[in-house]
Participant: 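The structure follows.
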Amino acid sequence: SSVTSIGADIFKGCPLNPAIHTDSRDNEAAVYAVANNIELVITGGGETPDNGNNSGKNKNKDKNKQTKKPDANETGTTPEKAPVLDKFNDIKGDEWFAGRVQKVLEMKLFNGVSETEFAPNSKMTRAMFVTVLYRYAGSPSVNPDVTFKDVSRDTWYSDAVAWANGIGIIKGYSSEVFGLDDGITREQMAVILRNYAEYCGYDISGTAGLSGYGDSNAVSAWALKAMEWANANSIVSGTDSGVLAPQAALSRAEAAAVI
């Protein structure tokens, strides 16, 4: 495959969105829509180029997974423990999230909280979530200067916070407080992902009404459009109790499923 000569920074931290088109120069060409109406054309077979988080294959194909627990046969692995999970003593191969955790570990988006623990049921903090999304975007270069007093420079999360805040997909609680260690809520997550999708040029017009959920009135006004979008795209669905739980914090396992 040959690639048009444009700099990698043109992607601006957006994963490529493949759509196969017929091209006059070749039998097939993959046209990747990027932010700001820019296209990268790759001729001759249409494989996704390596942006740091994939190896020639499109790994965004199941980004619209539900946050509710899938059936055992939907986890992407056999009940036996996958090798990448072997070092974690708090994950069993037959748990609903095992396949999701395996995938994000293979993509090097998540790390364990220690050498032997993944902590699947622990809260996903705001710092953790933007860091995972930053890695998913290919860890683009950033201006590390931020105004948040609770964000130190040269930490594992500092570039991610600077990136996410800089492109406008997440805000702090104020100009000085980001809330690093707070658990990210389901509605906060929906807002961040919708903002990111919009930034990357995706169509975000699709929505689904939430009136079928008993706690739909609990969704914050600032998060309503995002929750309707996330529900329409099967990113957020009801919990096991059939509610949205918009203010509930995501667990690390649930965040892996979302990604």
Side-chain angles (χ1 to χ4, degrees), residues 9 11-15 35 52-53 63 67 101 104-105 107-114 117-202 204 218-230 235-236 244-259:
D9 60 340
F11 302 126
K12 298 186 177 182
C14 294
N53 283 334
K63 61 181 181 293
T67 57
V101 171
V104 296
L105 288 171
M107 294 175 70
K108 302 186 185 305
L109 302 181
F110 278 64
N111 295 318
V113 298
S114 73
E117 292 180 315
F118 183 82
N121 297 314
S122 295
K123 70 180 180 182
M124 187 75 175
T125 67
R126 286 163 58 86
M128 289 176 183
F129 192 78
V130 295
T131 298
V132 166
L133 198 58
Y134 176 63
R135 292 169 181 163
Y136 179 78
S139 301
S141 58
V142 297
N143 178 352
D145 293 329
V146 293
T147 61
F148 303 120
K149 291 184 177 179
D150 58 344
V151 177
S152 302
R153 294 188 64 171
D154 300 322
T155 62
W156 58 267
Y157 54 76
S158 53
D159 282 354
V161 173
W163 168 77
N165 182 246
I167 66 173
I169 65 172
I170 188 172
K171 297 178 180 179
Y173 295 136
S174 70
S175 61
E176 296 185 345
V177 179
F178 182 79
L180 291 166
D181 295 325
D182 290 350
I184 191 162
T185 66
R186 287 161 63 86
E187 64 180 10
Q188 287 175 355
M189 174 271 297
V191 169
I192 293 169
L193 292 185
R194 183 177 183 270
N195 287 344
Y196 183 51
E198 182 177 25
Y199 172 78
C200 289
Y202 284 86
I204 59 170
V219 177
S220 300
W222 50 265
L224 181 59
K225 286 185 178 180
M227 287 290 282
E228 290 175 338
W229 168 82
I235 297 170
V236 170
L244 287 170
Q247 277 88 45
L250 282 180
S251 70
R252 285 169 53 83
E254 289 171 332
V258 166
I259 296 299

Participant: Sequence neighbours left out, what passes ring pair (Phe, Tyr, Trp, His ring centres under 6.0 Å) with Phe178? Give chain and number order.
Facilitator: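 Once residues adjacent in sequence are excluded, the partners of Phe178 under the ring pair (Phe, Tyr, Trp, His ring centres under 6.0 Å) criterion are Phe148.
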Participant: Is a side-chain donor or acceptor of Ser220 paired with a backbone partner of Trp222 at a separation under 3.5 angstrom?
Facilitator: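 The answer is no, because no donor-acceptor pair under 3.5 Å joins these two groups.
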Participant: Ile259 and Met107: side chain to side chain contact (heavy atoms under 4.5 Å, CB included), yes or no, with the steps?
Facilitator: CA-CA 11 Å; Ile259 296 299; Met107 294 175 70; 5.9 Å; no
Participant: Trp163 and side chain to side chain contact (heavy atoms under 4.5 Å, CB included): which single residue from Pro140, Ser158, Ser141 fits?
Facilitator: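 Among Pro140, Ser158, Ser141, the one meeting side chain to side chain contact (heavy atoms under 4.5 Å, CB included) with Trp163 is Pro140.
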Participant: Strictly by side chain to side chain donor-acceptor pair (under 3.5 Å), give each pair with a member in residues 142-152 just once, sequence neighbours left out.
Facilitator: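 For residues 142-152: Asp145-Arg153.
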Participant: Just verifying a value: how many Å separate Tyr199 OH and Ile192 CD1, rounded to the nearest 0.5 Å?
Facilitator: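 One gets 15.5 Å once the value is rounded to the nearest 0.5 Å.
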Participant: Look up atom OG in Ser251 and atom CE in Met124, then write down how far apart they are to the nearest 0.5 Å.
Facilitator: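 One finds 9.5 Å between OG of Ser251 and CE of Met124.
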Participant: Hey, are the side chains of Tyr173 and Arg126 touching, using non-hydrogen atoms and a 4.5 Å cut-off?
Facilitator: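 When only atoms from C-beta onward are counted, Arg126 and Tyr173 do touch, with a gap below 4.5 Å.
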Participant: Do Leu105 and Phe118 have side-chain heavy atoms sitting under 4.5 Å apart?
Facilitator: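 Sidechains of Phe118 and Leu105: in contact.
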Participant: Atom CZ in Arg194, atom CD1 in Ile235: separation rounded to 0.5 Å?
Facilitator: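 Answer rounded to 0.5 Å: 11.0 Å.
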Participant: As an exercise, state the distance from CD1 of Ile184 to NZ of Lys123, rounded to the nearest 0.5 Å.
Facilitator: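 Those atoms lie 12.0 Å apart.
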Participant: Please examine the side chains of Phe110 and Val101, heavy atoms only from C-beta on, and report whether any two atoms are closer than 4.5 Å.
Facilitator: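 Heavy-atom side-chain distance check fails, nothing below 4.5 Å.
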Participant: Does the Gln247 side chain pair with the main chain of Ala218, one donor and one acceptor, at a distance under 3.5 Å?
Facilitator: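 Yes, the answer is positive, given that a donor and an acceptor are paired below the 3.5 Å cut-off.
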Participant: Could you tell me which non-hydrogen atom of Ala190 sits nearest to which non-hydrogen atom of Met227, and how far apart they are?
Facilitator: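 What the structure gives for the nearest pair is CB-SD, 3.8 Å.
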Participant: State which residues pass side-chain contact (heavy atoms from CB on, under 4.5 Å) with Asp159; sequence neighbours excluded, sorted by chain then number.
Facilitator: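 Result, side-chain contact (heavy atoms from CB on, under 4.5 Å) vs Asp159: Tyr134, Val142, Pro144.
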Participant: Counting N and O atoms only, with roles assigned by atom type, does the side chain of Thr185 sit under 3.5 Å from a partner on the main chain of Gln188, one being a donor and the other an acceptor?
Facilitator: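 Checking the backbone N and O of Gln188 against the side chain of Thr185, a donor-acceptor pair under 3.5 Å is found.
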Participant: Using only atom types and a distance under 3.5 Å, with no angle test, would you say the side chain of Asn165 pairs donor to acceptor with the backbone of Ile170?
Facilitator: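 Looks like yes, one N/O pair under 3.5 Å.
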Participant: Compare all side-chain heavy atoms of Val130 with those of Tyr157 and state whether any distance is below 4.5 angstrom.
Facilitator: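 No, too far: nothing below the 4.5 Å cut-off.
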Participant: Quick one, Val236 and Met189 - any side-chain contact, counting heavy atoms below 4.5 Å?
Facilitator: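 They are in side-chain contact.
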Participant: How far does CD1 of Ile167 sit from SG of Cys200, to the nearest 0.5 angstrom?
Facilitator: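 Going from the CD1 atom of Ile167 to the SG atom of Cys200 covers 7.0 Å.
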Participant: So which heavy atom on Glu254 is nearest to which on Leu250, and how close?
Facilitator: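 Nearest heavy atoms, Glu254 then Leu250: OE1-CA, 3.5 Å.
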Participant: Calculate, to the nearest 0.5 Å, the distance between atoms OH and CG belonging to Tyr196 and Leu133 respectively.
Facilitator: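 Going from the OH atom of Tyr196 to the CG atom of Leu133 covers 5.5 Å.
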